[in-house]
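Structure, as structure tokens:
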Protein chains: 4
Amino acid sequence: MLARVSSTPSFKRLPRAVREQQMLDAAVKVFSRRGFHAASMDEIAEDAGISKPMVYAYLGTKEELFIACLHREAARMMLTIAGAADPDLPADQRLWRGLRAFFGFVGAHRDGWAVLYRQARGSPPFATELAAMRARLVEVVAGMFDHALRARGREIAATELEVVAYALVGAGESLADWLADHPEAEPERTATRMMNVAWLGAAQLLDGVTWRPPADD
Amino acid sequence: MLARVSSTPSFKRLPRAVREQQMLDAAVKVFSRRGFHAASMDEIAEDAGISKPMVYAYLGTKEELFIACLHREAARMMLTIAGAADPDLPADQRLWRGLRAFFGFVGAHRDGWAVLYRQARGSPPFATELAAMRARLVEVVAGMFDHALRARGREIAATELEVVAYALVGAGESLADWLADHPEAEPERTATRMMNVAWLGAAQLLDGVTWRPPADD
Amino acid sequence: MLARVSSTPSFKRLPRAVREQQMLDAAVKVFSRRGFHAASMDEIAEDAGISKPMVYAYLGTKEELFIACLHREAARMMLTIAGAADPDLPADQRLWRGLRAFFGFVGAHRDGWAVLYRQARGSPPFATELAAMRARLVEVVAGMFDHALRARGREIAATELEVVAYALVGAGESLADWLADHPEAEPERTATRMMNVAWLGAAQLLDGVTWRPPADD
Amino acid sequence: MLARVSSTPSFKRLPRAVREQQMLDAAVKVFSRRGFHAASMDEIAEDAGISKPMVYAYLGTKEELFIACLHREAARMMLTIAGAADPDLPADQRLWRGLRAFFGFVGAHRDGWAVLYRQARGSPPFATELAAMRARLVEVVAGMFDHALRARGREIAATELEVVAYALVGAGESLADWLADHPEAEPERTATRMMNVAWLGAAQLLDGVTWRPPADD
DNA sequence: TATGAATGAGGGTTCATTCAT
DNA sequence: TATGAATGAACCCTCATTCAT
């Protein structure tokens, strides 16, 4: 009889919560490596060290699984950012801390970022999910501006504010992409660069300086 | 299930160039509506009013077809932007015209934009293609800055410049997305908003003003 | 996807016989609602308020479970019918009582009937089971006729008798189906109708009247 | 080089209509042999001498395929029966011809009958389809009765008529099942037997004879 | 007794892609 | 040029069934 020399101690039965995290880890990894459609549930399951039916049992459909990834990564990110902001600091300090936390997160979770902000953008079912998350970010940024403006006795229409915030968030995402693609780049320096783009203009806006299109054009 | 309907009375035998444009039109439409993977060659062929083998004969693989779309749309966009910039104008005027052209293009080709900048981001095979195109844009923006800096006898390290340009391009893309999603928004106003974000800060940078992280942090 | 809800506070440790009946109740319900294949052991277990392994421990395989349902329902039905017939009554009275009992049973156990006579018919493994049960019914009906015929000094070949009985049973099943689908219908009236179909012809046959195909045809 | 001695002349590309019939033939065969769920699209495709995607392309989903079978078989059957009935004949002659045609059809298409009247009964999605077809049959039978009654200056309530017809149809189906299971049985004799069950009672009903439940019961 | 955890196996469905006409 | 016919290859998903506790 062939002796079965098993080196691995035969994986035990783990409680649901643990397995779910393992699955999400694997899913984020595979989704980010292959893209949503090219990723196969087989690969995810294998990578999680579990059989496919378990994935379905715990996290549902491939689409639902992807959304679960989205949510987990987004929640983590928002938590990181929220933890860094101190409402009592002056506006630029708050922005700086927020950005540092943001880029720090992206640098530490390049996979998660890829899932979150690259894959989700394309396909209709996720675009809305992503839009919702980005909206939260936009709101935070817009809120910061509004706060700073009021502190200076100034005010800007809500839509206007939102659009500016939208642009800044976009700039941030873009740099985050850049960061995710440059493994050697330091998150903190990236944050500084972003401040140079965002704050210098913002400070002007806060002081009431605006740019207007040339009249004759 | 294939419906057994007789197709349109047939405008047969068009010259190749025309057919190819029809196909690309259809492809852009379908890709933008469904996303790359959810789009089926069947739907594209049908929408182009042509049979599937023709699509393969003229434009090749689904992937190649998508890339063909990318190229056509990118070329159109670059052409539009390039046509708007006059190298003799002052920096802010050039930026303003470029942005106006850019948002005008996006407003007029929302489908194309969606294919170009949303779908392509996710899946590895296209990400590189897209990156190349964006690099060209970044280069243009960075070039503008460099030009303006030199005119003022100043200089910034190339990487630094690139990163800032990257951020601005990101902000622009973000607003373009916003524009693509708000059919009622006016491209020109969006361009103005973008100027307020980009130029006010940029002008500072051009004047040598920089933001630095607090020392004690 | 498995919902993570805590189940009912648990009426644990019931004696086996009780549990088995609960399971059979649930099984009959689910089988009749979904059909054999569409029914899942999960749903049955949940509906019985018990975990799946218990179902397997007590009633075995899905197929065995279905057969157990068949048997229980058939036994109940035969018991009901047998309890209604009094061998000393004249033939039409016996038939009438039997039918009344039969339709009464169907009306009271529409689920069970559905399992018994609708699901089982289709799939090979159960068709034989069902055939056996129906054979018992046919035999009873044929027996009644034979008895009545002999009482009149007449006789019919066994096969002939069986076929006629078979037809009558089919008519009964058909009306039972009709009854199962019309919740407002009264079992007793259905039985009367069945008598009008069955007995009027039967009485003729008992009296030696037969129908013959036209010679020239 | 191995010569490829192919005896079959390599199946040609057949027009859609032909292939569809081949597929339906195969489907009816497999469905009747295995039952709906146990039947696999693979087996059907193979049996039809074609690849699976063609089945999907032409006839759609497994469910749709089954329904297509139902419809084809039902249409054939109704055509056969309708072709046999001559409205000018007396009632019993019409019934006789109809039944002979019916049992003849079942005898000649045992597979089709099995699909039609056995499989469909169980699962919800098909039960309705089947019910509709059976309703047409019931209507025909009821119509015949109504016609004969009016010819005798008599009348019965529509529901009453329908229920009786329902029972007769059930009896017919039951004998058809019996016939399908007894390969050696002759359809014509079965039809004669059915007449003995159906007509003798029916004739009584037509003459106004009815059975009533005993008053004291 | 009772159950959460786990899986092998298989089926339906879709799609990009290519012949043969 | 143009297309209907045809397919190989995957992939998602489900389910009956069994351990290990």
Side-chain angles (χ1 to χ4, degrees), chain A residues 10-16 18-19 37-45 49-58 60-65, chain B residues 1-2 4 7 10 12-16 19 37-45 49-58 60-65, chain C residues 1-2 4 7 10 12-16 19 37-45 49-58 60-65, chain D residues 10-16 18-19 37-45 49-58 60-65:
Chain A
S10 91
F11 276 179
K12 302 179 199 166
R13 311 207 147 195
L14 297 178
R16 177 173 183 151
V18 175
R19 273 278 134 88
H37 264 97
S40 87
M41 293 299 267
D42 277 289
E43 188 178 356
I44 291 171
I50 209 88
S51 75
K52 231 187 332 178
M54 285 306 292
V55 180
Y56 280 90
Y58 283 173
T61 287
K62 187 184 185 184
E63 223 166 77
E64 289 167 337
L65 174 58
Chain B
M1 175 163 42
L2 250 60
R4 215 190 311 198
S7 47
S10 75
K12 43 194 165 187
R13 312 266 160 180
L14 292 181
R16 173 163 187 155
R19 277 274 193 256
H37 264 96
S40 84
M41 293 298 268
D42 275 288
E43 188 178 356
I44 291 172
I50 213 86
S51 77
K52 243 190 317 181
M54 286 306 295
V55 181
Y56 280 89
Y58 281 177
T61 285
K62 187 186 185 187
E63 228 168 72
E64 290 166 340
L65 173 58
Chain C
M1 176 163 40
L2 249 62
R4 214 187 314 197
S7 48
S10 75
K12 45 194 164 190
R13 312 266 159 180
L14 292 181
R16 172 163 186 152
R19 277 274 193 256
H37 263 99
S40 83
M41 294 297 269
D42 275 287
E43 188 176 357
I44 291 171
I50 213 87
S51 77
K52 241 187 321 178
M54 287 305 296
V55 180
Y56 280 89
Y58 281 176
T61 283
K62 188 185 184 185
E63 228 167 71
E64 291 166 340
L65 173 59
Chain D
S10 94
F11 275 179
K12 302 180 199 166
R13 313 205 148 198
L14 297 178
R16 177 173 184 149
V18 175
R19 273 279 133 87
H37 264 96
S40 87
M41 293 298 268
D42 276 290
E43 188 177 355
I44 292 172
I50 210 88
S51 76
K52 235 190 324 179
M54 284 306 292
V55 180
Y56 280 89
Y58 283 174
T61 288
K62 190 184 184 186
E63 222 166 79
E64 290 167 336
L65 174 58

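All heavy atoms count here, side chains included; hydrogens, waters and symmetry mates do not. None of the values given here were measured: they were computed from a predicted structure. In what follows, chains are A, B, ... by sequence order, proteins preceding strands, each numbered from 1.
For A/Y58, no side-chain nitrogen or oxygen approaches OP1 or OP2 of E/dG4 to under 4.0 Å. Distances shorter than 4.0 Å separate none of the side-chain N or O atoms of A/R13 from OP1 or OP2 on E/dT3. Here A/R16 does not reach the OP1 or OP2 of E/dA6: none of its side-chain N or O atoms lies under 4.0 Å away. A close approach under 4.0 Å does occur between a side-chain nitrogen or oxygen of A/T61 and OP1 or OP2 of F/dC13. Remark: D/S40 is not in phosphate contact with E/dG10, judged by side-chain N or O atoms under 4.0 Å from OP1 or OP2. Here B/R19 reaches the OP1 or OP2 of F/dA2: one of its side-chain N or O atoms lies under 4.0 Å away.
If you measure from atom CD of D/E63 to atom P of E/dG11, you get 18 Å, rounded to the nearest angstrom. Across the protein-nucleic acid pair, C/E43 atom CD and F/dT14 atom C1' stand 14 Å apart, rounded to whole Å. Rounded to whole angstrom, the span from the OH atom of A/Y56 across to the C1' atom of E/dG11 amounts to 13 Å. For the pair A/M41 CE and E/dT7 P, the interatomic distance rounds to 14 Å; values are reported in whole Å. Here the P atom of nucleotide E/dG11 and the CG atom of D/D42 are 7 Å apart, to the nearest Å. With rounding to whole Å, B/K62 atom NZ is found 15 Å from F/dA9 atom C1'. The interatomic distance linking A/I50 (CD1) with F/dC19 (P) rounds to 17 Å, in whole Å.
D/M54 comes within 4.0 angstrom of a base, heavy atoms only. Contact annotation for D/A39: backbone-only contact, meaning every heavy-atom pair under 4.0 Å involves sugar-phosphate atoms and none involves a base.
Both D/A38 and D/P53 sit near DNA chain E, but only D/A38 has its closest nucleotide nearer the 5' end.
Between the base of E/dT17 and the side chain of B/K52 there is a donor-acceptor pair shorter than 3.5 Å.
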Dot-bracket for DNA chain F, please, read 5' to 3', with Watson-Crick or G-U wobble pairs under 3.5 Å on both distances, ( ) within the strand, [ ] crossing, | other strand, . unpaired. .||||||||||||||||||||

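You'll find the side chain of A/L14 stays beyond 4.5 Å of the side chain of A/I50, heavy atoms only.
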